[in-house]
Amino acid sequence: MSEPRRRMSGKERREQLIQISRTLFAEKGFDGTSVEEIAATANVSKPVVYEHFGGKEGVYAVVVDREMQKLLAMVTEALSASHSLIKLERAALALLAYVEENSEGFRILVRDSHAASGTGTFASLINDIASQVEDVMVDEFVGRGYDPKLAPMYAQMLVGMVALTGQWWLDVRRPPREEVAAHLVNLAWNGLVGLDPRPRLTASSRGMEQRRAPLPPRPTDKELREMGKAREREAKEQEKLARDQEKARLREQRDLEKAREREFREQERLFKEQEKIRERELKEQEKIRERELKEQEKIRMREAKAAEREAVRQTGDTDRPGEGREKIESSE
């Protein structure tokens with residue numbers, strides 16, 4: 001019989017959710033990961049995730065903060081060496097070791113944090129490391145007679161070079177990290193050894209730069225105020241123009257409606273006149289039909305009388321021919 005599964009403590013559950021979320025964020029990023037997926041992978045309900053972290057943003061912030069602290073601690077420890085060359089070597093090895101041993105964490109950092117998470121970004125982490133390298137650069141510059149004010153810029157260049165190399169090496173993984181670190185240090189250190197304290201562009205590049213159109217000077221406060229007033233006037237003019245255009249549009253719409261109304265009234269008047277004409281024509285046609293019917297009736301009556309007389313005449317001729325003719329003649 002299998003033993004019942006032991007119930008995790010709150011601390012253990014929280015750690016489990018962090019590790020699961022770390023893997024999912026590395027594979028899919030912040031937007032591609034959901035609270036439902038985190039809960040399902042941990043075999044818990046969504047409210048458990050909300051209870052521990054308040055949502056996806058909360059657990060993401062914890063994961064990113066852990067990775068940033070881990071990498072920063074490794075680089076800080078490397079920079080504790082005494083000699084500058086050793087510091088540079090160990091710092092490069094520390095970054096590459098973090099990339100190799102914490103691939104998921106490095107992928108999360110270089111994806112850059114989501115704006116909603118409230119966490120820092122990979123750029124901010126690089127700035128933190130550069131600020132520590134800056135102290136090393138200042139000492140190196142002072143010892144070699146260079147301007148220490150340039151140390152922050154060189155620190156950004158150096159850390160950026162190592163960080164970008166780490167991003168590239170995250171996928172290719174060759175050559176081995178010790179060899180990659182050696183080449184990084186070779187470029188950085190030997191460049192520092194032969195550093196020109198007052199570097200300048202070549203004459204050809206300077207000529208190209210000088211041929212470019214110069215940037216306009218920064219406007220004075222008075223010019224800025226004048227520009228602001230000009231923009232306000234332009235905005236008011238545009239607003240007035242918009243109002244005038246709206247009024248013109250409304251006038252045009254009213255005129256169009258009036259024209260349509262006049263056209264409708266005219267069509268209605270023509271329709272009434274046509275109706276009257278049709279009524280008169282119908283009355284006239286009715287009168288003509290009535291006259292025709294009366295004429296036809298008169299003709300039928302005459303024909304009927306004529307037929308009657310003819311019948312009487314024929315009857316009289318049969319009985320008394322002479323009398324019949326006299327009756328017919330007298331009747332005529």
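We're numbering straight along the sequence, starting at 1.
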A.B. asks: In terms of side-chain heavy atoms, does Gln296 have a donor or acceptor partner in Glu292 at a distance below 3.5 Å?
C.D. replies: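 Side chains of Gln296 and Glu292: no pair found under 3.5 Å.
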A.B. asks: Is Val172 reachable from Val180 through a run of hydrophobic residues whose side-chain heavy atoms are each under 4.5 Å from the next?
C.D. replies: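 Same cluster.
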A.B. asks: Hey, quick one: are Val133 and Met153 part of the same hydrophobic cluster, counting side-chain heavy atoms closer than 4.5 Å, chains of contacts allowed?
C.D. replies: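 Same hydrophobic cluster.
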A.B. asks: Measuring only between side-chain heavy atoms, which start at C-beta, is Gln245 closer than 4.5 Å to Arg249?
C.D. replies: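 Not touching, per the 4.5 Å side-chain cut-off.
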A.B. asks: About how many Å separate CG of Leu184 and CE of Met161, when rounded to the nearest 0.5 Å?
C.D. replies: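 Output value for this atom pair is 5.5 Å.
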A.B. asks: For the backbone of His52 and the side chain of Arg14, can you confirm whether one donor and one acceptor N or O come within less than 3.5 Å of each other?
C.D. replies: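 Such a contact is found between Arg14 side chain and His52 backbone.
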A.B. asks: Flag the pair Lys149 / Phe141 as yes when at least one side-chain heavy-atom distance between them is below 4.5 Å, and no otherwise.
C.D. replies: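 No, their side chains stay 4.5 Å or more apart.
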A.B. asks: How many angstroms lie between CD in Gln19 and OG1 in Thr23, if you round to the nearest 0.5 Å?
C.D. replies: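 Between Gln19 CD and Thr23 OG1, I get 7.0 Å after rounding to 0.5 Å.
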A.B. asks: Cation-pi between Lys70 and Tyr98: NZ/CZ under 6.0 Å from ring centre and within 45° of the ring axis?
C.D. replies: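 Lys70 over Tyr98 ring: no.
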A.B. asks: Hey, do the aromatic rings of Tyr60 and Phe53 have their centres closer than 6.0 Å?
C.D. replies: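 Ring centroids of Tyr60 and Phe53 are no less than 6.0 Å from each other.
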A.B. asks: Can you check whether Glu261 reaches Glu257 side chain to side chain, under 4.5 Å on heavy atoms?
C.D. replies: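 Answer no - side chains too far apart.
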A.B. asks: Provide the closest heavy-atom pair for Leu79 versus Ala91 in the form atom of the first, atom of the second, distance.
C.D. replies: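 That closest heavy-atom pairing would be CD2-CB, 4.1 Å.
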A.B. asks: Compare all side-chain heavy atoms of Ser45 with those of Glu36 and state whether any distance is below 4.5 angstrom.
C.D. replies: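 No, their side chains stay 4.5 Å or more apart.
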A.B. asks: In Å, rounded to the nearest 0.5 Å, how long is the span from CZ of Arg280 to CG of Leu282?
C.D. replies: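 Going from the CZ atom of Arg280 to the CG atom of Leu282 covers 11.0 Å.
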A.B. asks: Minimum heavy-atom separation for Glu134 and Ala151, please, with both atom names.
C.D. replies: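 Nearest pair, atom of Glu134 first, then Ala151: O-CB, 4.1 Å.
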A.B. asks: When you check the side-chain N and O atoms of Gln69 and Arg66, is any donor under 3.5 Å from an acceptor?
C.D. replies: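 No.
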A.B. asks: Take Phe25 and Val59 through the test side-chain contact (heavy atoms from CB on, under 4.5 Å) and record every step on the way to the result.
C.D. replies: CA-CA 10 Å; Phe25 287 138; Val59 66; 4.1 Å; yes
A.B. asks: For the residue pair Gly29 and Thr33, what are the closest heavy atoms and their distance?
C.D. replies: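 Here Gly29 and Thr33 meet closest at O-OG1, 2.8 Å.
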A.B. asks: Check the hydrophobic clustering (I, L, V, M, F, W, Y; side-chain heavy atoms under 4.5 Å; chains of links allowed) and say if Leu72 and Val99 are grouped together.
C.D. replies: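 Yes, Leu72 connects to Val99 through the hydrophobic network.
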A.B. asks: Indicate if Ile86 and Met137 have the same hydrophobic cluster label, given that clusters are the connected sets of ILVMFWY residues with side-chain heavy-atom separations under 4.5 angstrom.
C.D. replies: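 They do not share one cluster, since no chain of ILVMFWY contacts under 4.5 Å joins Ile86 to Met137.
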A.B. asks: Closest approach of Arg13 and Val44, non-hydrogen atoms and distance?
C.D. replies: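 Result for this residue pair: NH1-CG1, 3.3 Å.
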A.B. asks: Distance from Met74 atom CE to Glu77 atom CD, nearest 0.5 Å?
C.D. replies: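 With rounding to 0.5 Å, CE (Met74) is 8.5 Å from CD (Glu77).
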A.B. asks: Answer yes or no: is there a side-chain heavy-atom contact under 4.5 Å between Arg262 and Glu266?
C.D. replies: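 No - every pair of side-chain heavy atoms lies 4.5 Å or more apart.
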A.B. asks: Within this structure, what is the CG-CZ distance for the pair Asp255 and Arg260, rounded to the nearest 0.5 Å?
C.D. replies: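 With rounding to 0.5 Å, CG (Asp255) is 11.5 Å from CZ (Arg260).
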A.B. asks: Consider only side-chain N and O atoms of Glu12 and Gln16, and report whether a donor and an acceptor are under 3.5 Å apart.
C.D. replies: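 No.
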A.B. asks: Go through the steps for Glu37 and Lys28 under the test side-chain contact (heavy atoms from CB on, under 4.5 Å), then give the verdict.
C.D. replies: CA-CA 11 Å; Glu37 191 171 9; Lys28 302 182 178 183; 2.3 Å; yes
A.B. asks: So do Glu104 and Arg107 actually touch side chain to side chain, heavy atoms under 4.5 Å?
C.D. replies: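 With C-beta onward as the side chain, the pair stays apart.
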A.B. asks: Taking side chain as C-beta onward, heavy atoms only, is Leu96 less than 4.5 Å from Trp169?
C.D. replies: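 Yes, close enough: below the 4.5 Å cut-off.
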A.B. asks: Which pair of non-hydrogen atoms, one from Ala92 and one from Val185, has the smallest distance, and what is that distance?
C.D. replies: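 Where Ala92 meets Val185 most closely, the heavy atoms are CB-CG2, 4.4 Å.
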A.B. asks: Is there a side-chain contact between Leu158 and Tyr154 (heavy atoms, below 4.5 Å)?
C.D. replies: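 They are not in contact (no side-chain heavy atoms under 4.5 Å apart), so the answer is no.
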A.B. asks: For the pair Lys46 and Tyr50, evaluate side-chain contact (heavy atoms from CB on, under 4.5 Å) and give the outcome as yes or no after the intermediate values.
C.D. replies: CA-CA 7 Å; Lys46 285 167 52 178; Tyr50 288 113; 4.1 Å; yes
A.B. asks: Quick check: are there more than 12 heavy atoms from other residues, nucleotides or ligands sitting under 6.0 Å from CD of Glu308?
C.D. replies: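 No, the 6.0 Å shell around CD holds no more than 12 heavy atoms from other groups.
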A.B. asks: Does Glu178 CD have over 12 foreign heavy atoms under 6.0 Å away?
C.D. replies: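 Counting neighbours around CD of Glu178, more than 12 heavy atoms of other residues, nucleotides or ligands fall under 6.0 Å, so yes.
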A.B. asks: One pair to check against side-chain contact (heavy atoms from CB on, under 4.5 Å): Gln253 and Leu250. What are the steps and the verdict?
C.D. replies: CA-CA 5 Å; Gln253 185 176 356; Leu250 291 175; 4.1 Å; yes
A.B. asks: Which atoms form the tightest heavy-atom contact between Val63 and Ser21, and what is the distance?
C.D. replies: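 Answer, listing the atom of Val63 first, then Ser21: CG2-CB, 4.5 Å.
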A.B. asks: Is Glu297 salt-bridged to Arg300, cutoff N-O under 4.0 Å?
C.D. replies: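 Salt bridge present between Glu297 and Arg300.
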A.B. asks: Assess whether a salt bridge exists between Arg243 and Glu239, defined as any Lys/Arg side-chain N lying under 4.0 Å from an Asp/Glu carboxylate O.
C.D. replies: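 Salt bridge between Arg243 and Glu239, a charged N being under 4.0 Å from a carboxylate O: yes.
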A.B. asks: Is it true that Glu273 and Arg269 have a side-chain N and a carboxylate O under 4.0 angstrom from each other?
C.D. replies: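 Salt bridge present between Glu273 and Arg269.
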A.B. asks: To the nearest 0.5 Å, how far apart are CG in Leu17 and CZ in Arg22?
C.D. replies: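 If I round to the nearest 0.5 Å, the distance is 15.0 Å.
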A.B. asks: Should we count CD of Glu252 as having more than 12 external heavy atoms under 6.0 Å?
C.D. replies: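 Atom CD in Glu252 is not packed in, count stays at 12 or less.
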A.B. asks: Counting only heavy atoms not in Arg265, do more than 12 fall under 6.0 Å of its CZ?
C.D. replies: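 For Arg265, atom CZ is crowded (more than 12 foreign heavy atoms under 6.0 Å).
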A.B. asks: Should Leu95 and Leu93 be counted in the same cluster of Ile, Leu, Val, Met, Phe, Trp and Tyr side chains packed under 4.5 Å apart?
C.D. replies: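 They do not share one cluster, since no chain of ILVMFWY contacts under 4.5 Å joins Leu95 to Leu93.
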